[in-house]
Every structure is written in C-alpha cells, then in structure tokens.
Amino acid sequence: MLFVLTVSIFIGVFFLNQSDKTKKAEIDEIKLSKICDTIKAITEQPTITFDEFKTNELERINFYLIRENKIIEEKETFIPEYSSSDGTYKTFKIPFEYFLKTDTIIVKTSTLYFKIPNFHHYAYLHFGNFGYLGSSDCRIEKNKYIYIEDRIENYKLPTKARR
C-alpha cells in the first residue's frame with residue numbers, strides 16, 4: 001500500500017512538473033523571441049525557395065544587397081542548394097555573409113525581380129527527455145518561399161554605391 005502511494009505521488013509530481021515546464025516554455029518563447037528579434041544583423045545565410053517556376057526561369061539568379069537605396073553588393077549563383085526533379089522548386093542560399101535587417105535584398109531571375117521579405121530572429125527553446133530545459137538561443141527564420149505572383153512589376157535597380 002505504501003509503495004502504491006509513493007509511486008502515485010511521484011507520478012503526480014512528475015506530471016505537475018511537466019505541465020509547469022510547458023507553460024514556462026510557452027511564456028519564454030514569446031518573451032525571448034521578442035528579445036531575439038532586436039538583433040540588427042544577419043550573419044547566417046538563410047535560404048529562399050522558388051516554387052512553381054519554369055526550369056528556364058531559374059537558370060541564373062542574381063542577388064542584390066541594397067542599403068540606403070544603393071547596391072552595396074551583388075552576387076550571381078547558378079547552383080541551388082536543392083532542386084526538385086522537375087526543376088520547378090529550387091532552394092538557394094542567400095550569398096551574403098553579413099547584412100542588416102534594414103537592408104533590402106532583391107533577387108533577379110532570368111527576367112523577373114523579387115524583394116525578399118523581412119527576416120526575423122526567434123527563440124529556439126532547448127528541450128530534453130523530460131521537457132523544456134529553460135534555455136534557448138536565437139536563430140534566424142531559415143527559409144522564405146517565393147512564388148511567381150510575388151514578382152515586382154516594372155522594378156528598376158538603384159545605382160551601385162561608391163567604394
């Protein structure tokens with residue numbers, strides 16, 4: 001009888017603790033994500049995915065890093081990180097190793113221009129076998145999707161910045 005009571009108390013405390021950890025994780029995710037999103041620079045190389053494009057529309061991709069309405073860096077890429085077998089779905093790494101969240105990234109396919117939407121950092125919570133560990137780190141949103149209907153009509157690139 002004492003054994004059953006002890007095991008029941010242990011199980012009850014365990015599940016109560018799990019519930020508390022889940023609530024704390026939900027609160028921390030919101031609070032810490034707001035803190036993480038105050039990071040001003042992007043030092044990772046997030047990916048963008050082009051979906052529902054024709055194969056020839058993605059043969060060459062040009063990336064333009066624009067700050068204060070001037071092109072400060074330009075890179076061209078031919079090799080996707082991933083490509084679907086039919087070629088209509090391709091993922092590319094953004095080729096800039098460092099840029100500010102306030103910068104604009106323009107992508108040019110064969111004939112179309114696209115503006116990469118805002119980047120955000122979020123809190124990546126650490127979990128173990130028994131739930132939330134109470135720690136986290138800041139990570140960038142990994143992938144942005146771009147569809148043909150997201151194109152910018154009649155876009156004209158700004159001039160290059162002087163060095």
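No experiment lies behind these values; they were computed from the predicted model shown.
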Distance-only donor-acceptor pairs under 3.5 Å for side chains of residues 150-157, two or more places apart:
{"from": "Asp150", "atom 1": "OD2", "to": "Tyr147", "atom 2": "N", "distance (Å)": "2.9"}
{"from": "Arg151", "atom 1": "NE", "to": "Glu153", "atom 2": "OE2", "distance (Å)": "2.9"}
{"from": "Arg151", "atom 1": "NH1", "to": "Ile148", "atom 2": "O", "distance (Å)": "2.9"}

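Annotation: side chain of Ser136 is in contact with side chain of Leu32 (closest heavy-atom distance under 4.5 Å). Between Tyr122 and Cys36, every side-chain heavy-atom pair lies at or beyond the 4.5 Å cut-off. Contact check for Ile61 versus Thr109: side-chain heavy atoms found under the 4.5 Å cut-off. Looking at heavy atoms from C-beta onward, Ile66 lies in side-chain contact with Pro158 at the 4.5 angstrom threshold.
Applying the 6.0 Å contact sphere to OH of Tyr124 captures no more than 12 heavy atoms from other residues, nucleotides or ligands. Residue Lys34 places its NZ atom among 12 or fewer non-hydrogen atoms of other residues, nucleotides or ligands, all under 6.0 Å distant. Residue-environment remark: CD (Glu44) exceeds the threshold of 12 foreign heavy atoms within 6.0 Å.
To the nearest 0.5 Å, atoms CG (Leu125) and CD (Glu26) are separated by 10.5 Å. Interatomic distance, Glu73 CD to Tyr98 OH, rounded to the nearest 0.5 Å: 12.0 Å. Between the CZ atom in Arg60 and the CG atom in Asn62 there is a gap of 6.5 Å [rounded to 0.5 Å]. With rounding to the nearest 0.5 angstrom, the CD1 atom of Ile39 is 13.0 Å from the CG atom of Leu100. The distance from atom CG of Asn69 to atom OG1 of Thr159, rounded to the nearest 0.5 Å, is 7.5 Å. Considering CD1 of Ile140 and NE2 of His120, their distance stands at 8.5 Å, rounded to 0.5 Å.
Taking the six-membered ring where the residue is Trp, Phe96 and Phe63 present perpendicular rings, their angle passing 60° and hence far from 30°. Ring planes of Phe50 and Phe92: perpendicular class, angle over 60° (limits at 30 and 60°).
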(request) Could you walk me through whether Leu65 and Lys75 pass side chain to side chain contact (heavy atoms under 4.5 Å, CB included), step by step? (result) CA-CA 9 Å; Leu65 182 59; Lys75 294 202 176 175; over 6 Å; no
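A salt bridge (charged side-chain N to carboxylate O under 4.0 Å, His left out) check over residues 97-112, counting only residues at least two apart or in different chains, returns the pairs Asp37-Lys101, Arg67-Asp103.
No donor-acceptor pair under 3.5 Å is formed between the side chain of Thr91 and the backbone N or O of Thr49.
A side chain to side chain contact (heavy atoms under 4.5 Å, CB included) with His121 is found for one member of Ile35, Ile42, Thr38 and no other, namely Ile42.
Closest of all the heavy-atom pairs between Tyr132 and His126 is CD1-O, 3.4 Å.
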